[in-house]
2 protein chains.
Amino acid sequence: MTMNIDVTYTKSLKPKPIADNIAFGKHFSDHMAVIDYSEEKGWYDPRIVPYEPITLDPAAMIFHYGQTVFEGLKAYRTEDDRILLFRPEKNFRRLNLSSDRISIPTIDEEFALSCLKKLLEIEKDWIPTAEGNSLYIRPFIFSTEPNLSLAPSKTYQFMIILSPVGSYYKEGIQPVGIHVEDEYTRAVRGGTGTAKTAGNYAAAYKAQEKATQEGYSQVLWLDGVEKKYIEEVGSMNVFFKINGEVITPELSGSILEGITRMSIIEMLKDWGVPVIERRISLEELYDAYDKGQVEEAFGTGTAAVISPVGELNWDGRKMIINNKQIGELSQKLYDTLTGIQTGKVADPYDWTVEVK
Amino acid sequence: MTMNIDVTYTKSLKPKPIADNIAFGKHFSDHMAVIDYSEEKGWYDPRIVPYEPITLDPAAMIFHYGQTVFEGLKAYRTEDDRILLFRPEKNFRRLNLSSDRISIPTIDEEFALSCLKKLLEIEKDWIPTAEGNSLYIRPFIFSTEPNLSLAPSKTYQFMIILSPVGSYYKEGIQPVGIHVEDEYTRAVRGGTGTAKTAGNYAAAYKAQEKATQEGYSQVLWLDGVEKKYIEEVGSMNVFFKINGEVITPELSGSILEGITRMSIIEMLKDWGVPVIERRISLEELYDAYDKGQVEEAFGTGTAAVISPVGELNWDGRKMIINNKQIGELSQKLYDTLTGIQTGKVADPYDWTVEVK
Ligand SMILES: Cc1ncc(COP(=O)(O)O)c(C=O)c1O
Ligand SMILES: Cc1ncc(COP(=O)(O)O)c(C=O)c1O
């Protein structure tokens, strides 16, 4: 695609939230990017317009049969005032993989990225300067055809909205307690677990409720078939350091392939730390724990980057990891990755993309 | 709830579609019912307003994390011009069960039904008179809070829209060919299969694509755990008559409990036809077929009522059922059930509800 991106500027700029304590996902910038899709035209009319409501027919398919996918990434402001994205091409790649799973037409990934860059140029003042703050980027696609027939929509809309966010760790990194969920299932092979699609997230709230009631902050998900193998933690991928080796569940067909996950695997390999993707059962983890071999555990995702796991509760069987302290390797991964993302440390992998 | 339902009439009535050949789900009546929800007020401000677009913030949770449920039922016009609903209280019951699964607050079922009745009184001219036609009713709820945090929405909207539909069987009942899906999964225990929530439907399109490519019209879904047991057909429940006994998959935790299904079970029991809800594997079905015992097979749901299965294709293993003709029992069930629904035959079960 080499279409022009039409720009309509807003007439009144919004006040920006105060940098100190920005709540996640509640503030949105002045403009958004939009691209329409129809069967006849494909993706067409890319444009940047003032942030404004979406108007849809009550029969629009999004309300009835789903068909919506999304992504999440961040823009960081460096100390020397440059704007960096972290592997954004991977997000647009994954957006298309998600779309394919639920029969949404794919989009030109490079063009979608160029729309994002153009939007960021216009909205650059929305990227917070304070330490640990960033601009959260939410590309998403939803079905718009007004039709109650059960079939893929013939029309869609792609959008990018931007939301300034505060530091994830306002009081320093705190390891979290995790409830092991053995009743509700997040995803199963053949299902939609590999896609970032809305239905997966609404389906997860019930288990999160249980975790919260028990005083834990996240859910550990088991595989949907045997309810034995570890899949993810909350909406993060998960890693365990056991007896010197780092283990993360292999991409089983029901796990979302996180971009933080893939980056961490590459870094560990580069550092010569043994890392392996394979099935790991809860039973194996608890056995290793009993032998004193579970050294570190952490979730990975765009929001927290690294979220150390301090405690696990599997139906009353509790596991305290590394004395509820962040582990040495977890800390090093966190520092290096956030350092690369914010331009504070060199990027030997060529992961960051500067927005001029 | 004993709230007043406020009514705002439209200023311009739409033309009604020609009765002969109304496409499903494309025409909508002049008015719709709406109820809002907030944490502080609960469900409030029930009203009937002109059918009009929904306006939502681009960050509204429906676009990102799902949380939407729906129902489907029909209003029928009898020969003596009365308006009948079929077990509508079951639909509002199921709406609440669906809501509960994905953390949407439940609604007063009786009050929701009274809103529907009021809407139907106003829209009664939209109920087609032609044989086999009806007014399809779509209640639905969706999350509206503009917030990208991963947590249940604090605000929702409930709506009912109405769509006149033509006869499902324009050229008489035609048994359909079914593709057995062994790769994609519709639902798994612990997941959302028991709920009518959007994500389940978008997730099913890929398998439907495969069926269509093979020249079959629907998908037979297997259980997500062992990929052995029969669950549903398309978005219908499924029944088999084997050696004089009627078998339907038991509610396993991943099957939607159809209202047509429960009605058929009650009717068969009433008629003294042996009917059993239990697990049934594909292997068992094919074994019975080899012994010449598979007498009839049919899907059940609000849209088609009974949809006879004429052929099954399991990876090239084909099964032709009852010579691709509708079976005697299937026909009797169809005639009796549609007869009750449209007031043509007596309703010994007190299933129909008249809208005055
Ligand atoms: C279900 C799920 N797993 C894992 C992740 C982590 O992916 P990433 O590292 O790309 O943010 C996310 C969030 O993006 C997610 O939604
Ligand atoms: C997945 C699924 N199964 C079964 C059914 C049949 O249910 P009912 O008989 O209530 O229409 C439906 C449709 O409503 C459905 O969506």
Side-chain angles (χ1 to χ4, degrees), chain A residues 23-26 28 32 51-60 62-68 70 101-103 136 138 140 142-143 146-152 159 161 163 183-192 197-206 208-209 224-227 234-235, chain B residues 23-26 28 32 51-60 62-68 70 101-103 136 138 140 142-143 146-152 159 161 163 183-192 197-206 208-209 224-227 234-235:
Chain A
F24 179 80
K26 294 209 165 140
F28 299 94
M32 61 188 188
Y51 187 92
E52 66 191 3
I54 295 169
T55 298
L56 289 169
D57 194 284
I62 171 74
F63 297 115
H64 306 276
Y65 308 131
Q67 273 196 300
T68 175
F70 70 94
R101 176 61 187 84
I102 56 163
S103 309
Y136 184 77
R138 170 57 56 91
F140 61 113
F142 55 97
S143 50
N147 187 346
L148 299 184
S149 300
L150 255 181
M159 278 192 180
I161 57 177
S163 176
E183 176 193 2
Y184 293 109
T185 305
R186 193 194 85 89
V188 69
R189 59 164 185 220
T192 56
T197 179
N200 294 342
Y201 297 83
Y205 292 152
K206 283 298 257 193
Q208 180 60 43
E209 254 173 56
V225 174
E226 299 180 62
K227 288 278 176 200
S235 50
Chain B
F24 179 81
K26 294 207 166 144
F28 300 94
M32 62 188 189
Y51 186 93
E52 65 191 5
I54 295 168
T55 298
L56 289 169
D57 193 284
I62 172 73
F63 297 116
H64 305 276
Y65 308 131
Q67 273 197 301
T68 175
F70 70 94
R101 177 60 187 86
I102 55 164
S103 309
Y136 184 77
R138 171 56 57 90
F140 62 113
F142 55 96
S143 50
N147 187 345
L148 299 184
S149 300
L150 256 180
M159 278 195 179
I161 56 174
S163 175
E183 177 191 1
Y184 293 110
T185 305
R186 192 194 86 89
V188 70
R189 59 163 188 223
T192 56
T197 179
N200 293 343
Y201 296 83
Y205 293 152
K206 282 298 257 195
Q208 180 60 42
E209 252 173 55
V225 175
E226 298 181 63
K227 288 280 174 194
S235 51

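Letters A, B, ... are given to chains in the order of the sequence lines, protein chains preceding strands, and every chain is numbered from 1.
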If one checks every heavy atom of A:F142 against chain B at 4.5 Å, the contacting part turns out to be side chain
Quick one: are A:F63 and B:F70 in side-chain contact, heavy atoms under 4.5 Å?
-> no
So how far is it from A:L56 CG to B:T55 OG1, rounded to the nearest 0.5 Å?
-> 8.5 Å
OG of A:S163 to CG of B:L148: how many Å apart, nearest 0.5 Å?
-> 5.5 Å
By salt bridge (charged side-chain N to carboxylate O under 4.0 Å, His left out), A:K227 pairs with (sequence neighbours left out) none
Proximal component of B:A151, with respect to chain A [non-hydrogen, under 4.5 Å] = backbone
Of the backbone (N, CA, C, O) and the side chain (C-beta and beyond), which part of B:R189 lies under 4.5 Å from a heavy atom of chain A, both, or neither?
-> both
B:F28 portion near chain A, given a 4.5 angstrom heavy-atom threshold | side chain
Are the side chains of A:Y205 and B:Q67 in touch, meaning some heavy atoms are under 4.5 Å apart?
-> yes
Okay, B:I161 and chain A: the region with an atom under 4.5 Å from a heavy atom over there is side chain
Considering only heavy atoms, which portion of A:I62 lies under 4.5 Å from any heavy atom of chain B: side chain, backbone, both, or neither?
-> both
To the nearest 0.5 Å, atom OH of B:Y201 lies from atom NE2 of A:H64 at 12.5 Å
Top residue by heavy-atom pair count (under 4.5 Å) with chain A, among B:G199, B:S149, B:S143?
-> B:S149
Can you tell which part of B:R101 gets under 4.5 Å to a heavy atom of chain A, answering side chain, backbone, both or neither?
-> both
Can you say whether B:P58 sits under 4.5 Å from chain A via the side chain, the backbone, both, or neither, judging by heavy atoms?
-> both
